[in-house]
> 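Before I ask anything, here is the structure I am working with.
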Amino acid sequence: MFQQLRPGTRVVSHAFNMGDWEPGTTVAVRVNQGTGRAMVYAWTIPAQVAGRWTLTTPEGRRVTLQLRQRFQRFTGPGGVSGRLVGDRIDFTLTERVNGRRVTRRFSGRVTGDGMSGRVAGGGAWRVVKVPPGAPR
């Protein structure tokens, strides 16, 4: 289903959830003239970010990210942890800077084989997808 729908497409159900895929919104509504209750679930199709990417930090450092994705959440080595809502992306990355561990928050957009945005505290970042079969 994910490949057939554009990131940002909304999926709504009033009768069932989708198992492991957590809804972005859940609302209880009154039915049967207020005597009953039903749940309404809403999801947003996330962009696809699983795979190998090269991140360029605001300082110009290049970091390889091997991302694993499960619905709207994704993880990767180096303490990468993030969430997608449509094409909007937010993630944290923990790295060593001048000998100490620093965790930074990245926010931006996914556009096909690229991502870009801002780092909390200032600076722009960008990411490009590494083509399958490219040397490591």
Side-chain angles (χ1 to χ4, degrees):
M1 173 171 71
F2 287 106
Q3 292 77 16
Q4 296 165 343
L5 298 172
R6 272 196 320 234
T9 300
R10 300 293 306 233
V11 177
V12 179
S13 168
H14 70 88
F16 58 90
N17 64 28
M18 290 200 218
D20 291 344
W21 187 15
E22 298 174 24
T25 305
T26 303
V27 178
V29 295
R30 291 176 190 245
V31 295
N32 298 332
Q33 298 170 339
T35 62
R37 200 175 104 164
M39 300 304 290
V40 176
Y41 305 96
W43 299 264
T44 303
I45 298 294
Q48 296 297 299
V49 298
R52 201 168 94 192
W53 302 80
T54 301
L55 164 70
T56 302
T57 67
E59 302 79 27
R61 278 191 320 282
R62 293 185 187 271
V63 178
T64 298
L65 304 174
Q66 182 68 46
L67 301 180
R68 292 175 303 283
Q69 182 175 356
R70 181 144 173 87
F71 306 112
Q72 70 266 39
R73 299 189 186 281
F74 63 93
T75 59
V80 172
S81 175
R83 182 175 173 86
L84 294 149
V85 177
D87 66 350
R88 291 181 320 197
I89 186 167
D90 291 292
F91 66 97
T92 57
L93 169 67
T94 301
E95 58 183 333
R96 285 220 174 272
V97 177
N98 298 326
R100 58 184 235 273
R101 291 175 57 97
V102 175
T103 299
R104 299 198 295 179
R105 182 177 174 84
F106 295 73
S107 297
R109 297 233 178 243
V110 179
T111 55
D113 288 344
M115 305 180 219
S116 61
R118 306 287 298 167
V119 177
W125 59 273
R126 66 182 171 83
V127 176
V128 293
K129 186 141 190 157
V130 177
R136 295 200 177 261

> Would you be so kind as to tabulate the donor-acceptor pairs closer than 3.5 Å made by side chains of residues 27-36, with sequence neighbours excluded?
unit_1 : atom_1 : unit_2 : atom_2 : d
T35    : OG1    : N32    : O      : 2.7

> Please write out which residues are connected to L67 in a hydrophobic cluster, directly or through intermediates, given that two of Ile, Leu, Val, Met, Phe, Trp, Tyr count as joined at side-chain heavy-atom separations below 4.5 angstrom.
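Other cluster members: V49, W53, L55, V63, L65, F74, V80, L84, I89, F91, L93, F106, V110, M115, V119, W125, V127.
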
> With hydrophobic residues grouped by side-chain heavy-atom distances under 4.5 Å, do M18 and M39 end up in a single group?
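Same cluster: M18 reaches M39 through Ile, Leu, Val, Met, Phe, Trp or Tyr contacts under 4.5 Å.
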
> Can you tell me how far apart OG1 (T94) and CZ (R101) are? Round to the nearest 0.5 Å.
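One finds 5.5 Å between OG1 of T94 and CZ of R101.
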
> In Å and rounded to the nearest 0.5 Å, what is the CZ to CD distance from R100 to E95?
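Result: 11.0 Å between the selected atoms.
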
> Taking side-chain hydrogen bond (donor to acceptor under 3.5 Å, both in side chains) as the test, write out the residues that go with S107, two or more places apart.
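Once residues adjacent in sequence are excluded, the partners of S107 under the side-chain hydrogen bond (donor to acceptor under 3.5 Å, both in side chains) criterion are D90.
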
> If you round to the nearest 0.5 Å, how far is OG1 of T44 from CZ of F71?
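Spacing of CZ (F71) from OG1 (T44) equals 14.0 Å.
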
> Quick one about Q72 and W21 (side-chain donor to acceptor, distance below 3.5 Å, no hydrogens or angles considered), yes or no?
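A donor-acceptor contact under 3.5 Å links the two side chains.
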
> Regarding D87 and R6, does a basic nitrogen lie under 4.0 Å from an acidic carboxylate oxygen?
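Looking at R6 together with D87, the answer is no, because their closest N to O distance does not fall below 4.0 Å.
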
> Using 4.0 Å as the upper bound for N to carboxylate O, is an ion pair formed by R104 and E59?
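Here E59 pairs with R104 in a salt bridge, since their nearest N and O are under 4.0 Å apart.
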
> For T26 and V40: C-alpha separation, side-chain torsions, deciding distance, then whether side-chain contact (heavy atoms from CB on, under 4.5 Å) applies.
CA-CA 6 Å; T26 303; V40 176; over 6 Å; no

> Check whether any side-chain N or O of Q69 sits under 3.5 Å from a backbone N or O of A47 as a donor-acceptor pair, and report yes or no.
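Yes; judged by distance alone, with no hydrogens or angles, the pair exists.
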
> Distance from Q66 atom CD to R52 atom CZ, nearest 0.5 Å?
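Answer rounded to 0.5 Å: 7.0 Å.
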
> For R118, enumerate each residue passing the salt bridge (Lys or Arg N to Asp or Glu O under 4.0 Å) test, keeping only those at least two apart in sequence or located in another chain.
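If we apply the salt bridge (Lys or Arg N to Asp or Glu O under 4.0 Å) test to R118, skipping adjacent residues, there are no hits.
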
> Using a 4.5 Å cut-off between side-chain heavy atoms of Ile, Leu, Val, Met, Phe, Trp and Tyr, which other residues end up in the same hydrophobic cluster as V128?
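The other cluster members (ILVMFWY side chains, heavy atoms under 4.5 Å, direct or chained): none.
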
> Could I get the full list of side-chain hydrogen bond (donor to acceptor under 3.5 Å, both in side chains) partners for N98, not counting sequence neighbours?
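N98: no side-chain hydrogen bond (donor to acceptor under 3.5 Å, both in side chains) contacts found.
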
> What are the two closest heavy atoms between P23 and Y41, and how far apart are they?
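Nearest pair, atom of P23 first, then Y41: CG-CD2, 3.9 Å.
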
> What pair of heavy atoms forms the shortest contact from G122 to P58, and how long is it?
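Shortest heavy-atom separation between G122 and P58 comes out as O-CG, 4.4 Å.
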
> Is it true that, when you exclude R10 itself, more than 12 heavy atoms of the residues, nucleotides or ligands shown sit nearer than 6.0 Å to its CZ?
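Atom CZ in R10 is crowded, with more than 12 foreign heavy atoms closer than 6.0 Å.
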
